[in-house]
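To start, the structure under review is shown below, and the notes come after it.
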2 protein chains.
Amino acid sequence: MVTSKEVQMQDLIRQAEALCQRSGMAFTAPRRRVLEILAASETPMKAYDLISKAGEGGQATKPPTVYRALDFLCQLGLVHRIEQDATFVACNHAGHAQPVALFVCNSCLKATEVAYDEVSHILEKAAAAKGFNLQRLVVEGRGQCQECAMAA
Amino acid sequence: MVTSKEVQMQDLIRQAEALCQRSGMAFTAPRRRVLEILAASETPMKAYDLISKAGEGGQATKPPTVYRALDFLCQLGLVHRIEQDATFVACNHAGHAQPVALFVCNSCLKATEVAYDEVSHILEKAAAAKGFNLQRLVVEGRGQCQECAMAA
DNA sequence: TCCTAGTATGTTATTACATAACACCCTATA
DNA sequence: TATAGGGTGTTATGTAATAACATACTAGGA
Ligand SMILES: [Zn+2]
Ligand SMILES: [Zn+2]
Ligand SMILES: [Zn+2]
Ligand SMILES: [Zn+2]
């Protein structure tokens, strides 16, 4: 049986390959491995869980290997880092450079991506009013997702 | 000579005392010490710099002491934690519970607080559109502050 | 062919961030 | 004077991230 999650993952990997080729970057084994694990996960993962997981059934994987892969994938926009709790999540839009907000459910810990075009303009203006030139923006939230609201 | 920074700090301490009394909480020595150090700092500080600083001229101060004080001060809204780089900054509005965005300058590392009433409503709606009930929001930015833009 | 520059990984060790667990102290109140 | 709640001190540990250096692969030029 092939789950939709698996299909989504294959898709993500293909898009990553394509994106790397276009950018002239190598989609190497450790990068693929890290992206696969993240894509297969229901929830954002901590770096050291990733390290353990990547080391299953094979040679041990050390922190720098995984952190380097994460840096790479984050730069390409294939993975997002959630600053609030130092976790990483595969992007389900494969390489949008546009900023998105990440909302994490307090119950099930799943992350929901939400675009925020409007918001970034407003914040840029608000920053500009104080003479601040905004270059990078982090928007994250906590709350309750739809499923968990139903269940409660 | 009394600088404006020092005046601001005295003010902040007084407000903190008042806030604690109203809430029935104790404004104890370590809490005061941590707030004083943060209030005196030009830039947000890392926890371990705070720990070193707090230990200067006296008995050594250990991590739990400072982290407990930080938790306390953050809950009261007297201090903000910047998630992006795990730093802490004294709030210059003394205990607003309202959310603010924190913009950090890439050059001088100073933080600028910006309120964002509008934005939270928009994001709440955007989240709601995906069935997500937003409870807490983190908005942070990076860029260049006014002073540094002048200097450049 | 050989050299070299650029990119990427492997490995060891260390630094930085944060909390668990327990003992002790103080103070209010029953 | 017991005892419960809140707070601190201390030891030890857990968790997140990177420095530094060695090694490997590839592409392009002498
Ligand atoms: Zn995304
Ligand atoms: Zn949920
Ligand atoms: Zn503030
Ligand atoms: Zn600046």
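Throughout, a chain's letter reflects where its sequence line sits, starting with A, and its residues are numbered from 1.
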| Can you name the residues that form a side chain to side chain donor-acceptor pair (under 3.5 Å) with A/D49, not counting sequence neighbours? | none
| said: With salt bridge (Lys or Arg N to Asp or Glu O under 4.0 Å) as the criterion, how do A/E113 and B/K130 come out once you've worked through the C-alpha distance, each side chain's angles and the decisive distance to 0.1 Å? | reply: CA-CA 9 Å; A/E113 283 199 21; B/K130 299 217 173 192; over 6 Å; no
Do any N or O atoms of the protein come closer than 3.5 Å to N or O atoms of nucleotides 16-22 of chain C, and which pairs are they?
unit_1: C/dC17; atom_1: OP1; unit_2: B/K46; atom_2: NZ; d: 3.2
unit_1: C/dA18; atom_1: OP1; unit_2: B/R81; atom_2: NH1; d: 2.7
unit_1: C/dA18; atom_1: OP1; unit_2: B/R81; atom_2: NH2; d: 2.8
unit_1: C/dA18; atom_1: OP2; unit_2: B/Y67; atom_2: OH; d: 3.1
unit_1: C/dA18; atom_1: N7; unit_2: B/Y48; atom_2: OH; d: 2.8
unit_1: C/dA18; atom_1: N6; unit_2: B/Y48; atom_2: OH; d: 3.3

| task | Verify the distance criterion only: is there a donor paired with an acceptor across the side chains of B/E140 and B/Q84 at less than 3.5 Å? | result | yes
| field | Set of salt bridge (Lys or Arg N to Asp or Glu O under 4.0 Å) partners for B/E124, sequence neighbours left out | value | none
| CD1 of A/I51 versus P of C/dT12: gap in Å, rounded? | 15 Å
| query | Taking NZ, NE, NH1 and NH2 as the nitrogens, is one of them in B/K125 or B/E118 under 4.0 Å from a carboxylate oxygen of the other? | reply | no
| query | Which is the 5'-most and which the 3'-most nucleotide of DNA chain D that has an atom under 4.0 Å from a heavy atom of chain B? | reply | D/dG7 to D/dT11
| request: Verify the neighbour count for atom CD of B/E147: are there more than 12 heavy atoms of other residues, nucleotides or ligands below 6.0 Å? | output: no
| said: Tell me if the CD atom of B/Q21 is crowded by more than 12 foreign heavy atoms within 6.0 Å. | reply: no
| Are A/V138 and B/Y116 grouped together when hydrophobic residues (ILVMFWY) are joined by side-chain heavy atoms under 4.5 angstrom apart? | no
| task | Quickly work out the A/K62 NZ to C/dT11 P distance and round it to whole Å. | result | 5 Å
| query | Thinking salt bridges, do A/D85 and A/R142 make one under a 4.0 Å N-O criterion? | reply | yes
| remark: Ordered by number, residues from residues 25-38 of chain B within less than 4.0 Å of DNA chain D (heavy atoms) are B/M25, B/A26, B/T28, B/P30, B/R31
| field | With B/F132 via ring pair (Phe, Tyr, Trp, His ring centres under 6.0 Å) - residues at least two apart | value | A/F103
